[in-house]
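These figures come from a predicted structure and were not determined experimentally.
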Amino acid sequence: MTFVSRRSFVKGGVSGFIAASMLPHLAMAASGAGGVTDGRVLVNTSIGPMWLVKEGGKVIGVEPLAQVGASWDLIDSMPDRLYNRARVQAPAIRRDFLEKRENSDRTNRGRGDFVEVSWDEAARIVTEEMERVKTTYGNASLHRGKSSWASNHAHFYKTESLLQRFLNQYGGCAEFFGNYSNQALSEIMPSVAWAAMQSSDWPVTRDNAKLIVVWGANPLVTTRILSGRLLTQAWQDLKGTDVETIVIDPVRSETAQYLDSRWVPVRPNTDIALALGMMHTLYTENLHDADFIQNCTHGFEEFLPYLTGEKDGQPKSAEWAAEITGVPADTIRELVRKMKDTRTTIISGWSIQRQHHGEHGPWVLVALAAMLGQIGLPGGGLNFAHMYADRGHSTPDMPIVGGTPRGENAIPDPFPIACLTDAYLNPGKTISCKGREITYPDIRLVYTSGGNQFTHHQDTNLVVKAFQRPETVIVQDPWWTPTARFADIVLPAASDLERNDIGQVLNLILASRAAVEPQFQSRTDYDILSELSERLGFGEVYTEKRTEMDWLRILYDDARAQSKTIEMPSFDDFWAGEGILEFPQGAGDFVHLADFRDDPLFNPLGTSTGLIEFVSPFVANLGYDEDCPAHPTWMEPVEWKGSPESETYPLQLVSAHSMYRLHSQMCNTDAREHYAVNEREPVTINTQDAADRGIRSGDIVRIFNGRGQVLAGAIVTDDILAGTICLHEGAWYDPETGGEIGSLDKYGSPNVLTREEPRTSRFAQATIAGTAIVQVEKYDQEAPAVTAFGVFV
């Protein structure tokens, strides 16, 4: 990547034009912790709160915050994150775009050749482009990109809220809805059972369950997200107790290994068949809870002909399931008998719904749990929350800290985030989603703040193609992420270590202080968007004449007015003091759905019948029988072990969470020293599969299919099911030949290999990142150097 400076800069300063409205904010920022030369500074980062240790005005170390539980190795990389060589040091514009604007060669995006400019010039060009697109095509041609966890834990500095507020006040923009994490789950569950993230308190599960079945989840990794490290510790504390754990997963995960759980390996994308085989056993052996089904569910008798095979001639027996899943029929029967005879909690993750027909993954587990009949009992039932963040902790008695008000978006018809490239490439196309018809806008300008679509979205080569269509792409980010490299205009934003905010984690309200002033030429998102709004004529509407600290005071005072359990100090005292307010936790005795179980008539669920639904009238009325029938159904995925294409691509790809990243965050830091293999992202491959291909641990391998190709470093092990490989999500995309479609990814981003289409179904239109087959071979050529994390200025 080539850069040429248009002018010289003084590092650490703010160059170019600064709107008059910004001067009070910049002055206030100087009074924050950025002025502390030595000592500790409390920060609430995207991966949680911690103390940063400063010496000589520089951050040199990290100390964990005791209140959030055991430390996480990843926080040790925060200093490198702050001073990382991939920082965007000054505003930069792609040379061809600088010269030709909307007539530039968009196929050159991703190939480098950026020119550093002053903030004044960058702000002028951004506003000129926004005015041009708005005037020529209308507000619906402006699109806010996905922020993708960039400001996790932030309240004022939630980047997507600040940017959406800006665009709403400019007349609105094309917008998306949903997320990459759990959209199929969050859409289907309220329609057939209950809200997806509801669960019993963890102490209830821990003290009453005799068996915990972890199905498609890895809590010792994922509970760290959103600083739920107390729940991480709670899972660790199960070791050595009399609670039995069984892990159903293609990978013998960190959770299974630490707890020495019984591991039941299952082929990816076949969880629905496994659950149906269990349900068939319950019914044919008369083990199902007929009373619970009669009192608390709807549609069981209508569902039975499918389960027994009367409807289609194929009983969903354990033998049938074994052929599909690879789990022996005797094991299927033995597992479900044990679950029936023991107080059992099923804890599922979100992997089984990031698959083709993914809505039916969580739905079939609901149906299985209903047949077991333990829903609403202490230590029994099913939840999708004990594997995530602080879910499952008893609810603290504390006020809620609000966030930046976004205002109303005047542009209707947001589209599902998993349809991103489809929307870019096919303006005017209409899709169905949960009974609505959505027409894609004609997107001409994309503005992303804190997002990284080139790592997070599926089918990266399709993303490359899609990003060639908009006339202007603006990225506002602290680092040269893969997405920033494919932009026309890159604005250096301050990181969450360089700005003031209020945090709320677990039972804590925290004063998150800027550890240092914004580095290099970077400015806070509020500074940047305030200046742009000033230039566009609505500066005072955007800022309401408030500084950063004015907004924090308002958010704090609103929470203070709600507090009933402790007397919160004034904002000034809170900010000047330690900055940690601790609120009492709840009793920890909440049992999810206990009231519903006791009296479903007076405590109905939010479904169309008020009951747990084996057959959903709402889903039936949508008429999506081909891809989302009215009851849990096994449908072959678009590609899997049973596909004809598997002869060419015989290995199924899973892209689990990494222990050392939060999605793509921290991939550019020295945290890679914990896991990189031969400088590449590690790929886990079964011992026999590796031997068949002449692969040993440490080898560089090429992973490929019809969508793309990546290099990775091999880890050969028996802790993964044969016929399966694991390449962790979040690895930065590093194409060998810049923006060329089909380029070899030198580092190992799994989304180069995953599918964007079809989505789960017309019900949720969610991602199917978990549905992909590949081939692997030893890479015998000289491997090209990894450049994703290099010096660009």
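Between D488 and R94 there is a salt bridge, since at least one side-chain N of the basic residue sits less than 4.0 Å from a carboxylate O of the acidic one. Look at K778 and D699 and you find a salt bridge, because one of the NZ, NE, NH1 or NH2 atoms lies within 4.0 Å of a carboxylate O, short of that distance. With salt bridges taken as basic N to acidic carboxylate O contacts below 4.0 Å, none links R702 and E736. Of the charged side-chain nitrogens involved, at least one lies within less than 4.0 Å of a carboxylate oxygen, so that D496 and R81 count as a salt-bridged pair.
Every residue meeting the side chain to side chain donor-acceptor pair (under 3.5 Å) condition with K746, not counting sequence neighbours, appears here in chain and number order: T787. Considering only residues two or more places apart in sequence or on other chains, R759 meets the salt bridge (charged side-chain N to carboxylate O under 4.0 Å, His left out) condition with D422, E756, E757. Listed by chain and number, the residues in a salt bridge (charged side-chain N to carboxylate O under 4.0 Å, His left out) with D249 amount to none (sequence neighbours excluded). Residues satisfying the side chain to side chain donor-acceptor pair (under 3.5 Å) test with E645, not counting sequence neighbours, are none. Looking at residues two or more places apart in sequence or on another chain, you find no salt bridge (charged side-chain N to carboxylate O under 4.0 Å, His left out) involving E740. In this structure H657 satisfies the side chain to side chain donor-acceptor pair (under 3.5 Å) test together with E729, sequence neighbours excluded.
Residues V463 and F486 fail the side-chain proximity criterion, which asks for heavy atoms closer than 4.5 Å. Looking at heavy atoms from C-beta onward, S655 lies out of side-chain contact with L727 at the 4.5 angstrom threshold. With a 4.5 Å cut-off on side-chain heavy atoms, D525 and S449 count as touching.
With values rounded to the nearest 0.5 angstrom, C667 atom SG is found 6.0 Å from E681 atom CD.
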**Request:** Evaluate the criterion side chain to side chain contact (heavy atoms under 4.5 Å, CB included) for residue pair R106 and F97; output intermediate values, then yes/no.
**Result:** CA-CA 8 Å; R106 299 171 211 162; F97 181 85; over 6 Å; no
**Request:** Go through the steps to decide whether T771 and W640 satisfy the test side chain to side chain contact (heavy atoms under 4.5 Å, CB included), and finish with yes or no.
**Result:** CA-CA 7 Å; T771 299; W640 70 299; 5.8 Å; no
**Message:** For F454 and R485: C-alpha separation, side-chain torsions, deciding distance, then whether side chain to side chain contact (heavy atoms under 4.5 Å, CB included) applies.
**Reply:** CA-CA 9 Å; F454 277 82; R485 298 190 196 189; over 6 Å; no
**Request:** Go through the steps for L711 and D734 under the test side chain to side chain contact (heavy atoms under 4.5 Å, CB included), then give the verdict.
**Result:** CA-CA 10 Å; L711 298 182; D734 188 21; over 6 Å; no
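Using cut-offs of 30° and 60° for the angle between ring planes, the W732 and F789 rings count as tilted.
Taking both residues in full, the closest heavy atoms of G216 and I352 are given as CA-CG2, 4.5 Å, listed atom of the first, atom of the second, then distance. The minimum heavy-atom distance between G451 and T481, with the atom names listed, is O-OG1, 4.4 Å.
A donor-acceptor pair is defined here as one N or O able to donate and one able to accept, closer than 3.5 Å; such a pair exists between the side chain of K641 and the backbone of P650. Looking only at distances, no side-chain donor or acceptor of W479 sits under 3.5 Å from a matching main-chain atom of Q665. Side-chain atoms of T760 come within 3.5 Å of backbone N or O of A766 as a donor-acceptor pair. Put simply, the side chain of H143 never gets that close to the backbone of I443: no donor and acceptor are under 3.5 Å apart. When atom types are taken as modelled, the side chain of Q257 and the backbone of R252 share a donor-acceptor pair closer than 3.5 angstrom. Side-chain N or O atoms of T421 include none that pairs as donor or acceptor with a backbone N or O of A466 at under 3.5 Å. In this structure a side-chain-to-backbone donor-acceptor pair under 3.5 Å is missing from R144 to L163.
Taking the six-membered ring where the residue is Trp, the centroids of Y180 and H663 are separated by 6.0 Å or more.
Figure legend: R109 and F467 shown without cation-pi pairing, the cationic atom not lying both under 6.0 angstrom from the six-membered ring centre and within 45 degrees of its axis.
Between the side chains of T232 and T223, at least one donor-acceptor pair of N or O atoms lies under 3.5 Å. A donor-acceptor pair shorter than 3.5 Å cannot be found between the side chains of N751 and T460.
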